[in-house]
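Keep in mind that the numbers below use all heavy atoms, side chains included, and drop hydrogens, waters and symmetry copies. Atoms within each ligand, like the ligands themselves, are counted from 1 in listed order.
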Amino acid sequence: MPVADTLAAVRARIQRACAISGRAPAAVRLVAVSKLHPAALVAEAAASGQTVFGENYVQELVDKAAQLPCPVEWHMIGHLQSNKVKYLPGIVSMIHTVDRLSLAQEIDRQWRTKLAVPCDILVQVNVSGEATKSGTTRTEALALVRAIAPLPNVRIRGLMTMPPFFDDPESARPYFKELRLLADQIRSAEIPGVEMTELSMGMSGDFEVAIEEGATLVRVGTAIFGER
Ligand SMILES: *Cc1c(COP(=O)(O)O)cnc(C)c1O
């Protein structure tokens, strides 16, 4: 199926989930996850009106961004090593996967030397506690946000999570709810410069449930671009 059609189908599902949960469709942004798919497919999606794309690997992201005929907005959604951060200023507008202070410090340093604007970041939380998943823990999230907040070239916009994989998307609901409650708790701490307005959660298999639980950024790959 052409990307224009799969995109339209995903957008329709987002609108339906918004309607069901009484949320404004504009409150949910679609991040089209294009990892392991060619730049030509990204260009096709951009031509159909998609503006935000997510990538997992720095080298692939840098190569792909250089190949696109028109500018799009890139989000880094994969695990990020500090020594790769230097390639990202000027290319990405948001990093979803900040899970440690040292990484935030390196983002702050790279954005300070290369750009005049701060980098929008999300703090990744491993809500399920699975050993294989990146992310800070639920109990350490507030302390990490407090530690990052004073960095002048980094702006904390919210939280991101990846629940365990389930066949039934309903099983992911408690993890999405948990992330929302954690964001509420951090927001109520009123840390200067910390917004907590974004919740990055939900993928192809479960984004409707994530929207019902308050997602503002859904990261959808397979449902748009097909299997990788
Ligand atoms: C690959 C990936 C996605 C997209 O997953 P799909 O199931 O293909 O929609 C979303 N978030 C992260 C962090 C990913 O690595």
Side-chain angles (χ1 to χ4, degrees), residues 1 3 5-14 16-17 28-39 41-42 44-45 48 50-64 72-81 84-85 88 92-100 103 120-136 141 157-173 175-176 178-180 198-228:
M1 218 196 290
V3 164
D5 295 350
T6 55
L7 257 177
V10 167
R11 289 200 192 108
R13 286 170 61 188
I14 290 173
R16 207 174 313 129
V28 180
R29 276 195 297 162
L30 172 61
V31 179
V33 177
S34 48
K35 62 166 178 259
L36 307 178
H37 292 290
L41 220 48
V42 175
E44 206 179 312
S48 313
Q50 179 61 29
T51 53
V52 187
F53 294 87
E55 286 280 340
N56 288 61
Y57 312 105
V58 170
Q59 187 63 52
E60 182 182 351
L61 167 53
V62 169
D63 290 348
K64 217 174 275 184
V72 300
E73 192 181 324
W74 294 103
H75 289 192
M76 177 64 192
I77 65 163
H79 180 72
L80 183 55
Q81 289 172 282
K84 301 273 178 67
V85 172
L88 297 178
V92 304
S93 59
M94 189 183 276
I95 298 174
H96 290 222
T97 42
V98 177
D99 59 358
R100 57 201 188 277
L103 177 59
D120 283 339
I121 66 159
L122 304 177
V123 168
Q124 181 175 3
V125 184
N126 183 359
V127 178
S128 66
E130 289 169 288
T132 54
K133 291 254 158 70
S134 304
T136 186
R157 304 290 311 276
L159 304 179
M160 177 272 206
T161 200
M162 255 178 109
F165 176 80
F166 298 105
D167 286 325
D168 177 9
E170 274 303 322
S171 305
R173 189 182 294 276
Y175 300 92
F176 297 143
E178 191 70 41
L179 193 74
R180 171 165 49 82
E198 302 282 1
L199 287 175
S200 169
M201 54 190 197
M203 316 195 335
S204 290
D206 54 20
F207 67 84
E208 282 116 325
V209 174
I211 289 170
E212 288 169 31
E213 293 301 332
T216 63
L217 292 159
V218 290
R219 311 179 309 266
V220 180
T222 309
I224 297 169
F225 297 111
E227 297 290 338
R228 292 180 289 269

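Residue contacts with ligand 1, taken as heavy atom pairs separated by less than 4.0 Å, involve Thr222 via backbone and side-chain atoms alike. With a 4.0 Å heavy-atom cut-off, ligand 1 is reached by no atom of His96.
Close contacts of ligand 1 with Val220, meaning ligand atoms under 4.0 Å from a residue heavy atom, involve 9 (O). Close contacts of ligand 1 with Asn56, meaning ligand atoms under 4.0 Å from a residue heavy atom, involve 14 (C), 15 (O). Under a 4.0 Å criterion applied to the non-hydrogen atoms of Arg219, ligand 1 contributes the atoms 4 (C), 9 (O), 10 (C), 11 (N), 12 (C), 13 (C).
For the pair Arg13 and Glu208, the salt-bridge criterion is met [side-chain N within less than 4.0 Å of a carboxylate O].
Taking each of Ala223, Gly202, Ser204 in turn, the one with a heavy atom nearest to atom 7 (O) of ligand 1 proves to be Ser204. For the residues Met162, His75, Lys35, the heavy atom positioned nearest atom 14 (C) of ligand 1 is part of Lys35.
A donor-acceptor pair is defined here as one N or O able to donate and one able to accept, closer than 3.5 Å; such a pair exists between the side chain of Lys64 and the backbone of His37. Under the 3.5 Å distance criterion, the side-chain polar atoms of Asp63 are left unmatched by any main-chain donor or acceptor of Glu60. When atom types are taken as modelled, the side chain of Lys133 and the backbone of Pro163 share a donor-acceptor pair closer than 3.5 angstrom.
Given atom 5 (O) of ligand 1, the protein heavy atom at minimum distance is Met203 CE, 3.6 Å. Here the protein heavy atom with the shortest distance to atom 12 (C) of ligand 1 is Ile77 CD1, 3.6 Å.
If you run side-chain contact (heavy atoms from CB on, under 4.5 Å) between His75 and each of Leu217, Val92, Val33, only Leu217 comes through.
Side-chain atoms of Ser34 and Glu55 include a donor-acceptor pair closer than 3.5 Å. Side chains of Thr97 and Gln124: a donor-acceptor N/O pair is absent below 3.5 angstrom, by distance only.
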